[in-house]
Amino acid sequence: DGDTLEYRIRLEYVKAMVAINDMFDLERPLTGDERRRVDDILSDAVFLQEAKPDAALPHVLASQAYGLRGEADAARGELNRALELEPENAWVQITACSQCVGAGDVAAARKHLAEAERLDPEFPLVLYRKALFALTVDRDRQAALKHAARLLERTPRFAMAHVLRGLILMSGPDAD
């Protein structure tokens with residue numbers, strides 16, 4: 001039934017994103033086992049796309065998998081499809097922001113970040129991305145600290161918020 005399928009989409013998405021997040025920051029090519037895991041994630045995403053064609057999350061998942069495989073055009077295509085399906089989804093918009101940052105398209109990243117913020121200004125990933133954007137793109141340490149403080153206030157157990165705050169503090173003039 002629809003509720004069960006929606007639950008499965010969300011469950012598969014969460015499980016796969018844990019694996020994807022573990023692999024995204026590797027400073028090396030994927031191992032054979034990691035590559036097979038990404039292929040399995042992509043296979044699951046395609047199955048879920050076919051099972052529920054109007055759901056954006058399977059396309060976001062496929063986009064992430066294609067990104068890990070180094071297939072930028074396919075990753076962009078999947079994310080564009082997710083944006084077509086659910087333009088009012090803050091998660092989809094923040095994922096688009098991240099993808100644009102990775103591609104070096106700052107103007108598009110700003111547009112997606114602004115849209116995500118409009119949709120859900122307290123969404124932790126919006127606050128996280130705003131702090132990171134302020135630090136790395138705008139080079140505005142004070143704005144980055146402000147956004148990081150709001151994020152930590154909102155989600156004190158979010159480990160990446162603490163890491164981000166540390167990076168911001170280390171970027172200061174006395175951080176030599």
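The analysis underlying the following values was restricted to heavy atoms, covering all of them including side chains, and did not include hydrogens, waters or symmetry mates.
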Looking at every non-hydrogen atom in both residues, tell me the closest pair between Val101 and Ala109 and how far apart they are. CG2-CB, 3.6 Å
Taking atom OG of Ser98 and atom CG of Leu125, what is their separation to the nearest 0.5 Å? 8.0 Å
Quick one: are His147 and Arg150 in side-chain contact, heavy atoms under 4.5 Å? no
According to a hydrophobic-cluster definition based on side-chain heavy atoms being under 4.5 Å apart (Ile, Leu, Val, Met, Phe, Trp, Tyr only), do Phe123 and Leu79 belong together? yes
With a 4.5 Å cut-off on side-chain heavy-atom distances among I, L, V, M, F, W and Y, is there a chain of contacts connecting Leu145 to Leu132? yes
Between Glu86 and Ala55, is there a donor-acceptor pair closer than 3.5 Å when you use the side chain of the first and the backbone of the second? no
Rounded to the nearest 0.5 Å, how far apart are CG of Leu85 and CZ of Arg81? 4.0 Å
Heavy atoms of Ala90 and Asp120 approach each other most closely as CB-CB, 4.0 Å
Do you know the tightest heavy-atom contact between His112 and Cys100? CD2-SG, 3.8 Å
Show the nearest heavy-atom pair for residues Ala131 and Ala144, with the distance to one decimal. O-CB, 3.4 Å
Close side-chain approach of Ser171 and Leu135, heavy atoms under 4.5 Å: yes
Is any side-chain heavy atom of Leu113 less than 4.5 Å from a side-chain heavy atom of Gln93? no
Please evaluate residues Glu78 and Gln49 with respect to the criterion side chain to side chain donor-acceptor pair (under 3.5 Å), reporting the C-alpha separation (whole Å), side-chain torsions for both, the decisive distance (0.1 Å), and the verdict. CA-CA 11 Å; Glu78 288 292 341; Gln49 288 170 359; 2.9 Å; yes
Check the hydrophobic clustering (I, L, V, M, F, W, Y; side-chain heavy atoms under 4.5 Å; chains of links allowed) and say if Leu61 and Leu30 are grouped together. yes
Between Leu68 and Tyr66, is there shared hydrophobic-cluster membership here, with clusters defined by ILVMFWY side-chain heavy atoms closer than 4.5 Å? no
Mind checking whether Gln99 and Thr95 have side chains closer than 4.5 Å, heavy atoms only? no
Verify the cluster assignment for Leu42 and Leu48: are they in a single hydrophobic cluster under the rule of side-chain heavy atoms below 4.5 Å apart? no
With a 4.5 Å heavy-atom cut-off, do Val92 and Val60 have their side chains touching? yes
Between CD on residue Glu153 and CG on residue Leu127, distance to nearest 0.5 Å: 9.5 Å
Where is the tightest heavy-atom contact between Pro53 and His59, given as atom of each residue plus distance? O-NE2, 4.4 Å
Electrostatic pair Asp138-Arg110, nearest N-O below 4.0 angstrom: yes
Taking all heavy atoms of Ala65 and all of Ile41, pick out the closest pair and write down the distance. CB-CG2, 4.3 Å
Could you go through Ile94 and Tyr128, starting from their C-alpha distance and side-chain angles, then the distance that decides it, and tell me whether this counts as side-chain contact (heavy atoms from CB on, under 4.5 Å)? CA-CA 10 Å; Ile94 208 68; Tyr128 178 84; over 6 Å; no
Taking salt bridge (Lys or Arg N to Asp or Glu O under 4.0 Å) as the test, write out the residues that go with Glu117, two or more places apart. Lys130
Check this for me: does any side-chain nitrogen of one of Asp33 and Arg36 sit under 4.0 Å from a carboxylate oxygen of the other? yes
Residue pair Leu151 / Pro124, side-chain heavy-atom distance below 4.5 Å: yes
Listed by chain and number, what are the salt bridge (Lys or Arg N to Asp or Glu O under 4.0 Å) partners of Arg118, not counting sequence neighbours? Glu88, Glu115
Name every donor-acceptor pair, under 3.5 Å, that has one atom in a side chain of residues 158-168 and the other anywhere in the protein, sequence neighbours excluded.
{"from": "His162", "atom 1": "NE2", "to": "Pro156", "atom 2": "O", "distance (Å)": "2.7"}

